[in-house]
Amino acid sequence: SQIKEHTELHLIFSMLITQARLERNPAVKDQVRDLNIENVSYGHLGYPVLQAADILLYKGDFVPVGEDQVPHVEITREIARRFNNQYGNVFPEPEPKLTKFARLPGLDGMDKKMSKSAGNTILLSDSAEEIGRKMRTAVTDPLKLRKNDPGRPEVCLVYTYHQKFNSDETAQIGTDCRSGALGCVDCKKRIAAKIADELLPIRERRAYYESHLDDVNTILAEGEVMARARAQATMSEVRSAMKLG
C-alpha cells in the first residue's frame with residue numbers, strides 16, 4: 001500500500017538529515033513562537049521530513065506552497081541531493097512554486113500570517129456573510145480612529161487584501177485612505193465583497209461535490225491507482241539504488 005511505501009521512505013530520509021539541521025528550520029522556529037510551545041518534539045522537528053516523503057515519493061518537480069513553507073521545500077531538496085550523492089540519481093530537486101502573494105497576513109495584524117490554529121483566517125468555504133463578519137474584526141491602522149483621519153495604507157492589512165483581490169481600485173483606495181475620504185468601515189465592506197466574489201466559484205464547486213459524493217469517490221479511487229503505481233515505481237528505484245534487494 002502507499003502507506004507502507006511512504007513509511008519506508010520517511011524512515012530512509014530520517015537517516016539522511018540531522019537533528020541540528022531540523023532545529024535550524026525557520027518555519028519550526030516561527031511555529032514554536034506563535035503557538036508558545038515549550039518542549040519541541042520530533043512531531044514538529046520531523047514534519048519537514050514527512051513532507052519530503054510526500055513530495056519525493058511521487059517525484060514532484062514543483063511544490064505550490066505559501067512563503068512560510070519554502071524552508072520545508074529546501075529541506076526536501078537537501079534530502080534529495082544527499083540521497084542522490086550517496087546512492088545514485090533517483091530524485092529530482094523540487095522547487096517551490098510561489099504566487100505574487102505567497103503569504104497573506106491574518107486578520108489580527110500585518111505581522112501575523114493566516115493560520116487556522118490562530119483563528120485569524122478567511123476560509124475558502126466561508127459564505128459572503130461570514131467573510132463580511134470576519135472582515136469587520138480585521139485590524140487596521142491604529143492611528144486612523146475616525147473616518148476623516150488620514151490613514152497609512154502601507155501598514156494596514158485590509159489594504160494588503162485590496163492589493164490581492166481588488167487591484168483595479170487599489171490606487172484610488174490608497175489615495176482616499178491617506179486623505180481621510182475613505183473610512184475603515186466602508187473599506188472593509190468593499191474588500192469583503194471582492195473576496196466573496198473571488199471565492200464564489202470555489203464555494204459553488206465545493207457545493208456541487210458535496211451533493212455528488214459518488215463523483216468524489218470516483219476521483220479519489222482513480223487518483224489512488226495512479227499514485228500507488230508511481231509510489232511503487234519510486235520505491236523500486238530506491239531499494240535498487242540502496243541494494244536492499
Side-chain angles (χ1 to χ4, degrees), residues 1-3 5-6 27 31 47-48 50-70 72-73 76 92 94-108 110 112-139 157-170 173 186-231 234:
S1 71
Q2 288 181 73
I3 295 177
E5 312 287 355
H6 185 275
Q31 187 178 52
Y47 183 63
L50 194 68
Q51 281 190 319
D54 290 336
I55 296 164
L56 295 177
L57 185 60
Y58 307 103
K59 295 195 174 183
D61 294 308
F62 294 94
V63 187
V65 291
E67 186 181 56
D68 59 310
Q69 293 290 306
V70 170
H72 288 192
V73 180
T76 299
E95 297 182 7
K97 188 174 180 61
L98 301 173
T99 63
K100 180 181 177 181
F101 291 90
R103 181 191 299 214
L104 282 175
L107 294 167
D108 51 351
M110 285 287 285
K112 305 287 185 65
K113 71 174 184 178
M114 275 199 178
S115 170
K116 192 172 182 180
S117 59
N120 62 358
T121 61
I122 292 175
L123 303 179
L124 297 179
S125 58
D126 282 344
S127 67
E129 291 75 20
E130 182 67 9
I131 293 170
R133 184 192 68 77
K134 287 183 175 181
M135 282 306 307
R136 287 196 293 273
T137 70
V139 174
L157 72 89
V158 176
Y159 184 72
T160 300
Y161 295 170
H162 276 289
Q163 291 176 302
K164 172 66 178 75
F165 296 101
N166 189 22
S167 58
D168 291 344
E169 299 179 6
T170 298
I173 287 171
D186 289 339
C187 187
K188 289 179 178 182
K189 287 180 179 178
R190 289 167 67 173
I191 191 56
K194 291 292 184 178
I195 294 174
D197 288 345
E198 182 86 7
L199 299 184
L200 178 59
I202 297 175
R203 294 199 304 274
E204 290 178 340
R205 192 77 166 164
R206 177 190 176 100
Y208 170 84
Y209 283 113
E210 284 178 338
S211 61
H212 294 78
L213 293 182
D214 287 344
D215 290 354
V216 175
N217 290 329
T218 298
I219 292 169
L220 291 175
E222 291 176 350
E224 198 274 338
V225 169
M226 295 172 60
R228 187 193 313 130
R230 175 62 67 87
T234 298

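As the structure is a computational prediction, the values presented were derived from the model and not from experiment. Atom set for the values below is all heavy atoms of this structure, side chains included, hydrogens, waters and symmetry mates excluded.
Counting only heavy atoms from C-beta outward, the side chains of D61 and E95 never approach each other to under 4.5 Å. Between L57 and R230 the shortest side-chain heavy-atom distance does not fall below 4.5 Å.
Legend: salt bridge (Lys or Arg N to Asp or Glu O under 4.0 Å) pairs involving residues 209-220, not counting sequence neighbours, sorted by first then second residue: R206-E210. Sorted by first and then second residue, the salt bridge (Lys or Arg N to Asp or Glu O under 4.0 Å) pairs with a member in residues 118-133 read D126-K134, E130-R133; sequence neighbours excluded.
Residues passing the ring pair (Phe, Tyr, Trp, His ring centres under 6.0 Å) test with Y208, sequence neighbours excluded: H212. Legend: residues meeting salt bridge (charged side-chain N to carboxylate O under 4.0 Å, His left out) with E224, ordered by chain and number and at least two apart, are R228. With sequence neighbours excluded, no residue forms a side-chain hydrogen bond (donor to acceptor under 3.5 Å, both in side chains) with E204. Here K59 pairs with E237 under the salt bridge (charged side-chain N to carboxylate O under 4.0 Å, His left out) rule; sequence neighbours left out.
Atoms NZ and CD, on K194 and E169 in that order, are 4.5 Å from each other to the nearest 0.5 Å. Residue L50 holds its CG atom at 10.0 Å from OG1 of T76, rounded to the nearest 0.5 Å. Here the CG-CD1 distance, from L124 to I202, works out to 5.0 Å after rounding to the nearest 0.5 Å. Considering OG of S127 and CG of L200, their distance stands at 11.5 Å, rounded to 0.5 Å. Between the CD1 atom in I191 and the CD1 atom in I173 there is a gap of 7.0 Å [rounded to 0.5 Å]. Residue M135 holds its CE atom at 12.5 Å from NZ of K189, rounded to the nearest 0.5 Å.
No donor-acceptor pair closer than 3.5 Å links the side chain of T121 to the backbone N or O of M114. Put simply, the side chain of R203 gets close to the backbone of A196: a donor and an acceptor are under 3.5 Å apart. In this structure, the side chain of T234 does not engage the main chain of Y58 through any donor-acceptor pair within 3.5 Å. Side chain of Y161 to main chain of N166: no donor-acceptor pair is present (N/O by atom type, distance under 3.5 Å, no hydrogens or angles). Checking side-chain atoms of D108 against main-chain N and O of V139 turns up no donor-acceptor pair under 3.5 Å. For the pair H162 (side chain) and R190 (backbone), a donor-acceptor distance under 3.5 Å is absent.
Contact record, A138 with L157: CB-CD1, 4.2 Å, taken as the closest heavy-atom pair. Scanning all heavy atoms of the two residues, the minimum distance from L56 to P92 falls at CD2-O, 3.6 Å. Residues A192 and I131 share a closest heavy-atom pair of O-CG2, 3.7 Å.
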>> side chain to side chain contact (heavy atoms under 4.5 Å, CB included), that's the test. Do V65 and H72 meet it? Break it down for me.
In response: CA-CA 10 Å; V65 291; H72 288 192; over 6 Å; no
